[in-house]
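Notes follow once the structure below has been shown.
Source: prediction; values computed, not measured.
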Amino acid sequence: MSLKKNILIVGGTGFIGYHLAKHSLKKGWRVTSISTNPPKKIRYLSKVKYIRCDIADKKLLKRNIREPFDYVVNLSGYINHNLFLDGGRRLIETHFIALQNLLEILPRGKLKRFVQIGSSDEYGNEKAPQHEELREQPISPYSLAKVASTHFLQMLHLTENFPAVILRLFLTYGPGQDIGRFIPQTIQGCLTDSTFPTSEGEQLRDFCYVEDTVRAILQSLVVPEAVG
């Protein structure tokens with residue numbers, strides 16, 4: 001039996017998931033990724049075990065997740081600010097119902113930490129600087145699902161001692177990010193001397209480099225104070 005640490009990255013073929021997988025491999029861990037889509041060529045890592053599965057499909061998930069893991073990081077889902085009548089129900093299912101599927105099926109015997117990647121959108125339009133003591137104010141089905149996931153995991157921690165941690169990310173950027181995101185769009189526009197939409201520049205934004213984000217995720221796997 002392998003003594004290597006074993007991590008499951010849900011959404012491991014995405015931007016942050018790829019960087020997390022790469023750093024986990026450097027630590028000598030066994031890495032499993034579960035995602036709806038296969039990895040892009042630039043994000044493929046030969047030592048990662050890739051599973052293609054929509055975690056919103058409970059039966060399919062049950063067939064694919066059998067082994068226990070030391071760590072699980074949930075980076076699943078996608079950012080979308082559509083209204084409820086414009087596909088919002090699917091967004092809630094993708095982020096919140098899928099999380100419940102995952103937690104019902106996931107073996108808990110050796111699980112040391114479950115990290116849920118939340119979103120700054122959970123704070124809604126609260127005035128900056130935002131902090132964890134603020135009451136959440138979801139402004140879309142996406143942010144509602146993220147808030148529901150936060151409260152659900154905190155409830156599980158209180159009632160079942162589930163080792164959950166929630167991280168709310170603000171604007172992560174870095175190498176390999178999809179071209180449709182803000183920083184890549186800006187860079188591409190400058191390189192090609194083409195116009196791109198901007199705001200009036202009156203708001204403040206705190207961008208976080210992906211290597212720093214990954215370091216925070218890895219730290220949250222071991223820091224006792226982070227649980228709950």
Side-chain angles (χ1 to χ4, degrees), residues 5-12 16-17 20 24 29 32-36 51 53-79 84 88-124 126 130-170 213 216-228:
K5 290 284 194 299
N6 192 3
I7 185 170
L8 172 66
I9 305 173
V10 187
I16 298 173
L20 177 60
S24 299
W29 295 354
T32 301
S33 161
I34 187 163
S35 296
T36 307
I51 299 171
C53 173
D54 181 356
I55 64 170
D57 185 333
K58 190 174 178 182
K59 289 182 179 178
L60 187 59
L61 183 64
K62 196 169 187 177
R63 289 203 298 268
N64 281 284
I65 297 295
R66 298 180 183 275
E67 66 175 308
F69 296 93
D70 296 286
Y71 307 120
V72 176
V73 179
N74 184 22
L75 282 152
S76 66
Y78 51 95
I79 300 170
F84 181 70
R89 185 187 180 108
R90 175 61 180 162
L91 281 165
I92 294 169
E93 290 172 352
T94 298
H95 292 90
F96 183 49
I97 305 302
L99 172 66
Q100 294 176 66
N101 291 344
L102 186 61
L103 295 186
E104 282 184 345
I105 289 164
L106 197 65
R108 296 193 190 182
K110 62 180 281 193
L111 185 65
K112 298 178 177 67
R113 203 64 53 93
F114 183 100
V115 177
Q116 168 73 10
I117 303 300
S119 169
S120 58
D121 269 18
E122 295 179 55
Y123 298 114
E126 278 282 4
Q130 296 157 349
H131 54 85
E132 286 89 343
E133 283 72 36
L134 288 172
R135 182 175 179 185
E136 300 93 337
Q137 293 191 22
I139 52 173
S140 66
Y142 166 76
S143 53
L144 170 73
K146 286 293 190 182
V147 171
S149 298
T150 292
H151 285 255
F152 177 59
L153 286 165
Q154 288 180 314
M155 178 274 292
L156 286 181
H157 173 68
L158 289 171
T159 57
E160 302 176 22
N161 202 30
F162 186 71
V165 176
I166 296 97
L167 301 180
R168 287 179 177 152
L169 303 190
F170 283 72
T213 296
I217 293 170
L218 292 172
Q219 190 75 349
S220 74
L221 298 176
V222 296
V223 174
E225 294 82 1
V227 180

Seminar exercise, completed: Residues passing the salt bridge (charged side-chain N to carboxylate O under 4.0 Å, His left out) test with E104, sequence neighbours excluded, are K58
Problem set entry | Value rounded to 0.5 Å, distance of OG1 in T32 from CD1 in I51 | 5.5 Å
Problem set entry | Contact summary for I92 and A145, nearest pair of heavy atoms | CA-CB, 4.0 Å
Problem set entry | Beyond-backbone contact of Y123 with R168, side-chain heavy atoms, under 4.5 angstrom | yes
For this session: Answer yes or no: is there a donor N or O on one side and an acceptor on the other, between the side chain of H157 and the main chain of F162, under 3.5 Å?
Result: yes
Problem set entry | Between CG on residue L75 and CG on residue L169, distance to nearest 0.5 Å | 7.5 Å
For this session: Applying side chain to side chain contact (heavy atoms under 4.5 Å, CB included), run through L156 and F114 and close with a yes or a no.
Result: CA-CA 11 Å; L156 286 181; F114 183 100; over 6 Å; no
For this session: Check whether any side-chain N or O of R113 sits under 3.5 Å from a backbone N or O of V165 as a donor-acceptor pair, and report yes or no.
Result: no
Problem set entry | Flag if over 12 foreign heavy atoms under 6.0 Å of CZ, R108 | yes
For this session: Begin from the C-alpha positions of I166 and L153 and carry the test side chain to side chain contact (heavy atoms under 4.5 Å, CB included) through to its verdict.
Result: CA-CA 8 Å; I166 296 97; L153 286 165; 4.2 Å; yes
Exercise. Going from CD on Q154 to OG1 on T159, what distance comes out if it is rounded to the nearest 0.5 angstrom?
Worked result: 11.5 Å
Problem set entry | N101 to I55 - nearest heavy-atom pair and separation | ND2-O, 3.1 Å
Exercise. Y71 vs W29 aromatic rings, parallel, tilted or perpendicular, using cut-offs 30° and 60°?
Worked result: tilted
Problem set entry | Main-chain N/O of G12 paired to S35 side chain as donor or acceptor, under 3.5 Å | yes
Exercise. If we only count heavy atoms from C-beta on, is the F96 to L144 side-chain gap below 4.5 Å?
Worked result: no
For this session: Write down the atom of S143, the atom of D121, and the distance for their closest heavy-atom approach.
Result: CB-O, 3.4 Å
Problem set entry | Interatomic spacing from CD1 in I9 to CD1 in I16 - rounded to 0.5 Å | 11.5 Å
For this session: For A56 and E93, work out which heavy atoms get closest and say how close.
Result: CB-O, 4.4 Å
Problem set entry | Q219 atom CD, neighbour heavy-atom count above 12 within 6.0 Å | no
Exercise. Does P68 offer a backbone N or O that forms a donor-acceptor pair with the side chain of N6 under 3.5 Å?
Worked result: yes
For this session: Would you confirm whether K62, through its side chain, and D57, through its main-chain N or O, come within 3.5 Å as a donor-acceptor pair?
Result: no
For this session: Determine the interplanar angle of the H95 and Y142 rings, folded into 0 to 90°, and report it as parallel if under 30°, tilted if 30 to 60°, perpendicular if over 60°.
Result: perpendicular
Exercise. If you round to the nearest 0.5 Å, how far is CD1 of I217 from OG1 of T213?
Worked result: 6.5 Å
Seminar exercise, completed: Rounded to the nearest 0.5 angstrom, the CD-CG distance for E160 and L158 is 10.5 Å
Problem set entry | Member of L221, L111, I34 meeting the side-chain contact (heavy atoms from CB on, under 4.5 Å) criterion with V72 | L111
Exercise. Where do Q116 and F152 land on the side chain to side chain contact (heavy atoms under 4.5 Å, CB included) test, with the steps shown first?
Worked result: CA-CA 11 Å; Q116 168 73 10; F152 177 59; over 6 Å; no
For this session: Kindly indicate whether the side chain of K110, heavy atoms from C-beta on, has any atom under 4.5 Å from the side chain of F69.
Result: no
Problem set entry | Pair T150-E122, side chain to side chain donor-acceptor pair (under 3.5 Å): steps then yes or no | CA-CA 9 Å; T150 292; E122 295 179 55; 2.8 Å; yes
Seminar exercise, completed: In short, D54 meets T36 closest at the heavy-atom pair CA-OG1, 3.9 Å
Exercise. Nearest heavy-atom pair of K146 and S76: which atoms, and what distance?
Worked result: NZ-O, 4.3 Å
